[in-house]
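Whatever order the structure lists ligands and atoms in, that order sets their numbers, starting from 1.
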Amino acid sequence: MIPTPHIEVTDKSLFAKTVLMPGDPLRAKWVAEKYLTDVKLINTVRNMLAFTGYYKGKKVTVMGSGMGMPTIGIYSYELFKFYDVENIIRVGSCGAYTDKVNLYDVIIATSAFSESTYASTAFGYQENILKPSDELVNKLHQAAKNLNIPTVDGIIHSSDVFYRHHGNVFTDVRDKFGCIAVEMESFALFANAKYLNKNAACILTVSDSLVTNEATSAKERQESFNKMIEIALEAAIMD
Ligand code: HPA
């Protein structure tokens, strides 16, 4: 096959059916090195590193998505459409919108609200709330239960803007739509999955709080990141 504009892979079989996507490609490298065996680096275009290896004997790919809906929109579309990827689990960080969510909590998104025009521009979807795959979400819940790691379910806000200074900054979205945390990618990922009949889900760790303005320490962030990755990997290999 010919490669896509953003992924140089010419053999679909180099991608697993399930891809974990952290925002940072160096996180993808770190996950591959820590958790996978027989790892191959399969994409380096724009340094958006993708690695395929084996977790407990089952093939899994980890690839960076970049930050924001335009970028995850491109990569996840190409993975679903051209590389026959069936499942994408975003593994990311988020900022808490409520004091009911604590730093380092692991959140499983039950839906994503966004004021982004991504889904209407791309597919004519008028909804401003999109859902992940029930099946993948169930697997994430089951994996967390098996690993004995507590998780929080909730609606997340996929924002186009990180530095927001206008209006109520976040309480409007929280109070109107019930969003418990903010990130910047899931709405576009869920829109692509819906359009292409594929499965997507999102699991997040809380890295900062817009309520208290606390931020996490590097060491603790790494530990909560590991828990999230272990849940996602177990879900990825579940039948
Ligand atoms: N805003 C948007 N995305 C984020 C944040 C935030 O505060 N923290 C982690 N991802």
Smallest separation among heavy atoms of Thr61 and Thr52, with atom names: OG1-OG1, 2.7 Å
Set of residues satisfying ring pair (Phe, Tyr, Trp, His ring centres under 6.0 Å) with respect to Tyr195, sequence neighbours excluded: Phe123
Contact residues of ligand 1, where a non-hydrogen atom lies under 4.0 Å away: Ser93, Cys94, Gly95, Phe162, Val182, Glu183, Met184, Ser207, Asp208, Leu210
Asp99 to Val211 - nearest heavy-atom pair and separation: N-CG2, 4.1 Å
Heavy-atom check, side chain of Phe51 versus side chain of Ile42, under 4.5 Å: no
Pi-cation contact, Phe225 with Arg27 (under 6.0 Å, within 45°): yes
Phe15 and Tyr83 aromatic ring geometry - parallel, tilted or perpendicular at 30°/60° bounds: tilted
